[in-house]
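Each chain gets a letter, A, B and so on, in the order the sequences are listed, and its residues count up from 1.
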Amino acid sequence: MRFKSLLALILAGAVIGGTTALAPAQGPKVVKIGDLGSKVGVFEGYGKYQSMAIQLAVEELNARGGVLGHTIEVIVEDDDTKPAPSVRKAEKLILQDDVKLLVGAVSSGATMAVMDVTKKHKVIHWNAVSCAEFMRTTKFHKYYFSNQPDSRMQANGLAKYILDKMGKRVYIFYTDYAMGQSDGRQFKTAIEKLGGEVVGVAGAPLDTKDFSPWFGDINAKNPEVVFLAFAGTDSLRLMTQLHSFGMTKKYRLAGIDCFLLQQDLPAIAEPMEGFVQLAHFSAYNPDKNMQAFNARFKKRFGVDANIMAGAYDGLMFWATAVEKAKSFDPDKVAGAMEGMCLDGTHVGRQCIRKEDHQVVMDMHLYQVRGGKNIPIAVVAGSDTIGEPMVGRDPVEGFTWEIKKKN
Amino acid sequence: MEYLTAVLLPQLLHGLVFGAALGLLALGLTVIFGLLGVMNFAHGELYMLGAYAGIAVIGVTHSFWVALILAPLLVGALGALTEVATLRPLYRRQPLYGLILTFGLALVFREGARQVWGGDMRRILPPITGSTPLLGMTYPNYRLFLLAIASVLLVAIWLFFTKTRAGVVVRAAVQDAEMLDGLGVNVPRVFTLTFAGSAALAALAGLLLAPVFTVYPQMGVEMILLAFIVVILGGMGSLGGSVVAAFVIGIAQSLLTLWMNPQRVAIAIFGIMILVLIIRPRGFFGREGVLE
């Protein structure tokens with residue numbers, strides 16, 4: 001009997017002791033955020049730099065005491081550059097990890113798919129790179145915010161420069177999915193509106209290996225300028241192949257904001273020489289705000305920052321809004337973010353437009369020289385952002401039909 | 001007539017170049033399928049490793065031509081090692097085991113390359129520069145070289161399998177390995193050398209195509225799907241069929257781009273495969289009873 005009592009006592013002690021040992025330690029409170037980006041494949045570089053920008057912001061915010069007394073923790077997921085996996089990962093981040101902010105995805109198609117998830121579950125969603133026009137128009141919802149210049153902003157910023165400085169006869173070659181189609185629509189509209197002539201349009205699928213089957217049509221249309229709406233490894237392959245066919249010297253070439261990251265340029269310097277590209281950030285821009293941000297980024301990671309630094313701003317806007325709202329409640333945070341202006345972003349002071357949650361950003365134009373993006377012009381954000389068009393197609397009645405000029 | 005010379009013939013040339021390159025990749029896949037009876041999912045990664053091995057060799061020797069010899073040998077050696085260490089114990093099991101194994105090997109090779117060389121895209125400069133005026137355009141000399149060397153290699157491989165004793169032994173192993181074993185041939189060694197040869201062929205294709213398609217860890221995944229289509233279309237295990245199918249796919253893809261939305265071209269390629277399989281269920285040159 002005594003033995004049984006002793007055994008029961010030991011067991012009870014073990015259970016109580018074990019339970020105590022297994023109980024979570026009372027540490028600092030944690031708030032999680034989701035980093036959804038491409039980790040492999042055509043947009044791998046963008047996903048990698050998005051993660052670095054988020055990491056820098058988290059380290060700076062946590063060093064200041066976190067947000068609302070919570071330490072920020074990042075959960076990273078791969079979007080596979082496709083809508084379906086992006087939706088699965090977004091749902092995992094929201095339902096399982098309980099993230100309060102979701103940054104991503106990288107491809108426009110994936111980001112639009114994720115928008116349905118963030119809308120359904122009411123989670124603040126920051127887009128730092130996808131540039132299809134539909135996100136702040138037909139797909140818009142109150143929890144969605146972006147500081148990536150979309151197709152309309154890019155067309156407004158670059159089309160005039162192309163026609164003034166590069167040539168009037170333009171061929172539009174785009175990657176045939178959400179981003180490229182959107183860029184193609186906007187640039188065709190803008191160029192025709194400004195009096196230029198679009199002599200041809202063609203789309204190639206995402207991840208095309210050999211672009212040469214499209215080159216015959218470009219040559220046949222004899223344009224002065226070839227406008228390219230591609231990104232990532234597609235851009236690298238395309239430029240390599242255009243160069244081998246002598247077309248980088250034959251035509252003037254221009255491209256979208258995310259055509260290539262600065263880090264890719266040295267490897268492809270010769271084909272890219274003279275290429276005109278939009279980019280809201282460049283480590284070679286003498287702007288003091290960009291230089292200050294780049295110095296911090298380079299000190300932390302040992303490499304220059306690039307356009308993906310926009311993800312840094314997403315965290316800063318969100319954290320400031322949470323502090324202002326004194327809550328993580330998405331409705332309160334979204335309300336606080338609307339119309340918010342913030343100093344110290346990767347390009348200095350930025351403001352979020354209330355109506356469509358788009359950050360009003362200046363459009364910087366660069367020309368590639370010796371593998372570097374050298375600034376050549378800047379267009380004010382207020383001149384490119386266009387009117388808010390929530391719920392409407394910004395180029396309603398658009399047609400790909402080529403209009404012959406007399 | 002102008003449409004023919006200015007549009008159709010250049011597209012045909014693009015298709016021939018791509019088809020020849022695809023044929024090189026698909027041929028190794030066909031041989032391994034014929035030999036092991038499983039689709040080698042790691043074949044695309046051997047193609048990728050060929051390009052990376054080329055970068056490593058060029059880094060040391062500064063010569064593309066030296067790399068063109070050494071890189072396939074290095075990847076061939078890796079192929080031999082892989083066959084002995086992983087595939088050999090599975091030969092007497094269901095083909096599904098081999099399929100799962102090669103799928104796992106593909107992941108290991110791809111992520112291994114990412115760890116060693118990083119995920120950024122790399123470029124190998126073409127060893128032959130300049131271009132030739134051809135069919136109203138300036139055609140890169142390297143692409144013409146690619147078409148020529150791929151054609152020569154395809155003919156050489158065909159001669160190897162039909163005219164040499166070693167080739168006949170491999171074909172015999174495909175037909176009936178047990179019978180070959182009974183005749184005193186060291187069948188495991190045949191398997192190892194054939195797998196190594198197939199890996200070297202994939203590596204050669206990877207390095208030859210690197211100056212055109214660039215180099216990154218994912219490059220094999222993207223090509224292998226087309227290579228699988230080629231193998232199925234040509235007739236499982238048929239070398240000649242694979243070559244014909246590679247050119248059919250290359251040319252069809254190139255010509256269809258002229259008239260179709262690009263997304264539909266990819267669907268049309270599958271459509272061609274389905275159509276051929278309805279008419280000829282064993283593909284162009286698949287034979288009844290072979291690998292069935």
Could you have a look at A:D207, A:D264, A:D210 and say which one has the most heavy-atom pairs with chain B under 4.5 angstrom?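 Most pairs with chain B among the choices: A:D210.
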
Can you tell me if B:Y216 and A:R237 form a side-chain donor-acceptor pair at under 3.5 Å?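 B:Y216 vs A:R237: donor-acceptor pair found between side chains.
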
Between A:K139 and A:T111, a side-chain donor and acceptor under 3.5 Å: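 Not at all, the side chains of A:K139 and A:T111 share no donor-acceptor pair under 3.5 Å.
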
Short side-chain to backbone donor-acceptor contact, [X] and [Y], under 3.5 Å:
X: A:E224; Y: A:R169; result: yes
X: A:K188; Y: A:T399; result: yes
X: B:Q11; Y: B:S254; result: yes

Taking side chain to side chain donor-acceptor pair (under 3.5 Å) as the criterion, tell me which of A:K92, A:K39, A:R88 meets it with A:E77.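 Between A:E77 and the candidates, side chain to side chain donor-acceptor pair (under 3.5 Å) is satisfied uniquely by A:K92.
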
Below 4.5 Å, heavy atoms only, C-beta onward: do A:L260 and A:F275 meet side chain to side chain?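 They are not in side-chain contact.
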
A:S182 vs A:F134 side-chain heavy atoms within contact, under 4.5 Å: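 Answer yes - side chains close enough.
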
Taking the ring of [Y] and the ring of [X], is the distance between their centroids below 6.0 Å?
X: B:H43; Y: B:F109; answer: no
X: A:W214; Y: A:F245; answer: no
X: A:F173; Y: A:F227; answer: no

Chain A heavy atoms under 4.5 Å from B:R114: which part of the residue, side chain, backbone, both or neither?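 Side chain of B:R114 only, per the 4.5 Å heavy-atom cut-off to chain A.
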
Part of B:R122 within contact of chain A (heavy atom distance under 4.5 Å):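 For B:R122, no heavy atom lies under 4.5 Å from chain A.
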
In residues 203-213 of chain B, which residues are in contact with chain A at a heavy-atom separation under 4.5 Å?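 Heavy-atom contacts from residues 203-213 of chain B to chain A are B:P211, B:V212, B:F213.
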
Which residues, numbered in order, of residues 17-25 of chain B come under 4.5 angstrom of chain A by heavy-atom distance?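 Counting heavy atoms that sit under 4.5 Å from chain A, the residues of residues 17-25 of chain B involved are B:F18.
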
Given that the side chain runs from C-beta out, which part of [X] has a heavy atom under 4.5 Å from chain B: side chain, backbone, both or neither?
X: A:K250; result: neither
X: A:D217; result: neither
X: A:A267; result: backbone
X: A:P271; result: side chain

ring-ring contact (aromatic ring centres under 6.0 Å, His included) partner of A:F230, the single match among A:F259, A:F211, A:F43, A:Y174: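 Exactly one candidate clears the test, A:F211.
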
Among A:V76, A:D78, A:D79, the one residue meeting side-chain contact (heavy atoms from CB on, under 4.5 Å) with A:D35: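 Considering A:V76, A:D78, A:D79, a side-chain contact (heavy atoms from CB on, under 4.5 Å) with A:D35 is found only for A:V76.
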
Of the listed residues (B:R110, B:M223, B:Q218), which shares the most heavy-atom pairs with chain A below a 4.5 Å separation?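 Greatest number of close heavy-atom pairs with chain A: B:Q218.
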
